[in-house]
Amino acid sequence: MSGGVSIVWFRRDLRVEDNPALAAGVRAGQVIAVYIWAPEEEGHYYPGRVSRWWLKQSLALLDSSLKNLGTSLVTKRSTDSVASLLEVVKSTGATQVLFNHLYDPLSLVRDHRMKEVLTNNGIAVRSFNADLLYEPWEILDDKGRPFNTFTEFWDRCLSMPYDPESPQLPPKKIISGDVSKCPSETIIFEEESEKGSNALLARAWTPGWSNADKALAAFMNGPLLEYSKNRRKADSATTSFLSPHLHFGELSVRKVFHLLRIRQVLWANESNTAGEESVNLFLKSIGLREYSRYMSFNHPYSHERPLLGHLKFFPWRIDEGYFKAWRQGRTGYPLVDAGMRELWATGWLHDRIRVVVSSFFVKVLQLPWRWGMKYFWDTLLDADLESDALGWQYITGTLPDGREFDRIDNPQFEGYTFDPNGEYVHRWLPELSRLPTEWIHHPWDAPEYVLQAAGIELGSNYPLPIVKLDAAKSRLQEALAQMWQYEASSRAILENGLEEGLGDSTEATSLIALPQDMDEMDMDENAIRATTHTTTTIRHYEDQMVPSITTSLLRGGEEEEESSSDVGNQAEDSRAEVPINQGMDDTRMGRTDDMQQVNDITAALRNMDDLQAESSNTSGSMRERDGGVVPVWSPSTSSFNETFAGEDSTYLQRHPQSHQLVNWRRLSQTG
DNA sequence: CTAGATTTCTT
DNA sequence: AGAAATCTA
């Protein structure tokens with residue numbers, strides 16, 4: 001036993017405490033800790049600037065912790081993490097590879113392949129749960145099927161016959177394997193152009209597992225008690241700020257859960273109801289994180305496809321201008337705009353405001369949710385594929401327990417509940433800083449003299465509402481009517497057995513692609529315009545699907561047309577595009593049946609082989625339909641950055657202490 | 001005290 | 001929008 005060398009493959013479990021893979025390695029003998037940076041494998045989901053910044057800090061801290069324990073972190077730069085892992089194994093003479101589970105679709109496929117490759121090479125592979133209270137396959141209903149609503153899921157989690165594993169302490173000492181033949185490679189996490197902006201982040205955040213632990217303690221001993229009371233204020237400092245730590249696995253959810261439970265019992269004994277309620281609420285947000293993994297595991301396409309198909313024919317607006325206005329915080333709705341500017345400036349957004357801006361995005365602007373999700377991915381410090389997919393699908397209403405699609409939230413009213421005194425808006429929208437609270441969430445209603453006194457000229461230094469709310473409501477109705485009509489004709493085509501129906505169906509079924517990726521964003525603006533201008537105003541009668549990003553990974557980008565293969569094809573279709581044989585007058589009708597079907601299929605797909613077969617299949621069927629219109633955006637080239645920085649002096653001078661996150665102006669002065 | 005109004009919450 | 005919780009006369 002003591003002679004064995006184990007590779008511990010770190011991914012999003014960047015901690016030494018309660019890390020089962022690491023613990024197993026230590027128990028087995030010598031350990032070689034490895035981190036492989038292969039972002040190209042993530043396809044569209046190459047981590048954004050702030051996310052990479054966090055990762056860099058976190059790895060540095062992990063390395064120093066490992067050094068204190070007797071080894072160090074071997075880092076590798078790769079475009080094929082499985083191949084790199086195999087190299088590491090060979091150069092170190094390791095006999096086993098240990099890692100902790102991930103549940104995003106890319107990792108599921110990659111890890112499956114990794115297991116296969118290594119096993120074929122005679123290497124033992126062992127994997128563990130380090131990210132969840134319970135593995136997704138442990139939480140099933142009475143018939144042994146996965147749940148489809150959060151409440152049911154979470155109830156079951158909380159009433160499981162056995163508790164989640166107790167958190168383990170860090171190892172006292174690690175016996176290092178010989179890494180002399182396996183040198184670390186330097187990983188570049190930030191481009192030169194990003195360093196300036198990144199420097200600001202360090203003033204507000206301290207990544208790394210030991211800091212995560214401190215953040216947890218600070219939250220538990222402070223804001224947690226008031227969590228239920230304060231959680232709905234846009235700029236309150238009462239959120240936990242743990243999400244980036246949790247995303248990178250710097251913090252063990254099981255530890256969080258454990259400590260929360262202890263605290264809960266304590267407060268229950270003191271009959272501290274406010275405290276109890278707070279704990280329950282906070283636990284629920286942990287539960288949502290669990291649920292996002294659960295959904296991703298059971299429905300590996302939930303990051304790119306709606307779970308329910310009832311909006312399949314919704315005419316999403318392919319409108320670059322709307323998209324840009326939203327990103328830059330120039331929609332004319334102060335609460336939305338403040339949120340978007342905070343996001344851009346700090347990489348952070350209060351949970352409530354995430355709901356506000358994303359709901360606005362989908363319902364008022366009618367933009368395809370995957371664009372919004374991609375933007376969140378690129379800009380959020382806690383960008384998390386599973387959580388964000390769940391969130392956006394929830395907002396869009398494509399989950400069984402999602403919001404109703406035809407309900408539009410009113411940012412003006414939301415403004416007065418989440419930001420009653422307008423402080424949040426004042427902070428992030430310097431151009432409105434002199435507008436009284438009475439008008440702060442609806443400047444378009446303010447009398448001319450008020451606007452003048454506040455130095456606001458609507459339509460010039462602050463926009464008028466990009467879409468009026470009553471217009472948004474009727475537009476939504478129109479869009480739904482179109483959707484039903486399109487649905488009906490599509491069904492007619494199917495029933496008539498026509499291969500190609502309406503003349504415009506090619507256009508109609510073309511895909512709405514994601515916004516441009518990083519490498520394309522630096523393109524000449526004219527070139528971009530040339531590729532997009534003809535179609536920017538056209539509505540697309542199709543879901544926002546893209547070819548599966550797992551394709552390139554599996555087949556090196558070229559997959560055969562294998563539609564004949566197996567269940568996969570059918571399964572894929574039913575999941576992505578729930579049959580539209582009902583629900584003409586109720587967008588929600590038929591969802592139970594649909595979900596039933598989805599479930600049956602995914603149950604059959606639990607096996608990784610099927611999953612793999614299916615993903616290649618998907619791309620096969622989607623590929624030739626690619627070519628949707630792609631709006632272009634670029635944080636790095638946006639002029640908004642410069643316009644925004646340094647404008648909000650007055651308010652910040654008045655409230656120097658008032659928020660804990662990045663103070664954009666102050667930081668840019670000193671940094 | 002209750003019926004009715006009003007506010008809050010919804011994963 | 002609709003249910004549930006909270007307020008009020």
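Naming convention: chains lettered A, B, ... in sequence-line order (proteins, then strands); numbering from 1 in each chain. Any value given below was found using the heavy atoms of this structure, including those in side chains, with hydrogens, waters and symmetry copies removed.
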### Message
Looking at Arg354(A) and Asp382(A), is there a salt bridge between them, counting it only when a charged N and a carboxylate O are closer than 4.0 Å?
### Response
yes

### Message
Given 3.5 Å as the limit, does a donor-acceptor pair link the side chain of Arg341(A) with the main chain of Gln328(A), or not?
### Response
yes

### Sugar-phosphate, base or nothing in reach of Thr149(A), heavy atoms under 4.0 Å
nothing

#### Entry: Interatomic distance where CD belongs to Gln393(A) and P belongs to dT10(B) [whole Å]
20 Å

### Message
In this structure, how many angstroms lie between the C1' atom of dT10(B) and the CZ atom of Phe405(A), rounded?
### Response
18 Å

### Query
Whole Å only: how far is the CD atom of Glu414(A) from the C1' atom of dT8(B)?
13 Å

### Euclidean distance, atom CD of residue Glu277(A) to atom P of dC9(B) [Å, nearest integer]
9 Å

### Task
Could you tell me whether the side-chain ring of Tyr394(A) sits stacked on the base of dT11(B), using a centroid cut-off under 5.5 Å and a plane angle under 30°?
yes

### Message
If I take atom CG in residue Leu399(A) and atom C1' in nucleotide dT10(B), what distance separates them, rounded to the nearest angstrom?
### Response
14 Å

### Query
Tell me: CG of Leu307(A) to P of dT11(B), nearest whole Å?
17 Å

### Message
Would you say Glu42(A) and Trp377(A) are linked by a side-chain donor-acceptor pair, where the criterion is simply a distance under 3.5 Å?
### Response
no

### Query
Does OP1 or OP2 of dT10(B) have a side-chain N or O of Lys284(A) closer than 4.0 Å?
yes

### Message
What is the separation between atom OH on Tyr416(A) and atom P on dT8(B), rounded to the nearest whole Å?
### Response
16 Å

#### Entry: Asn410(A) CG - dA1(C) P separation (whole Å)
11 Å

### Message
Please tell me whether Tyr424(A) and Glu342(A) have a donor and an acceptor in their side chains that are separated by less than 3.5 angstrom.
### Response
yes

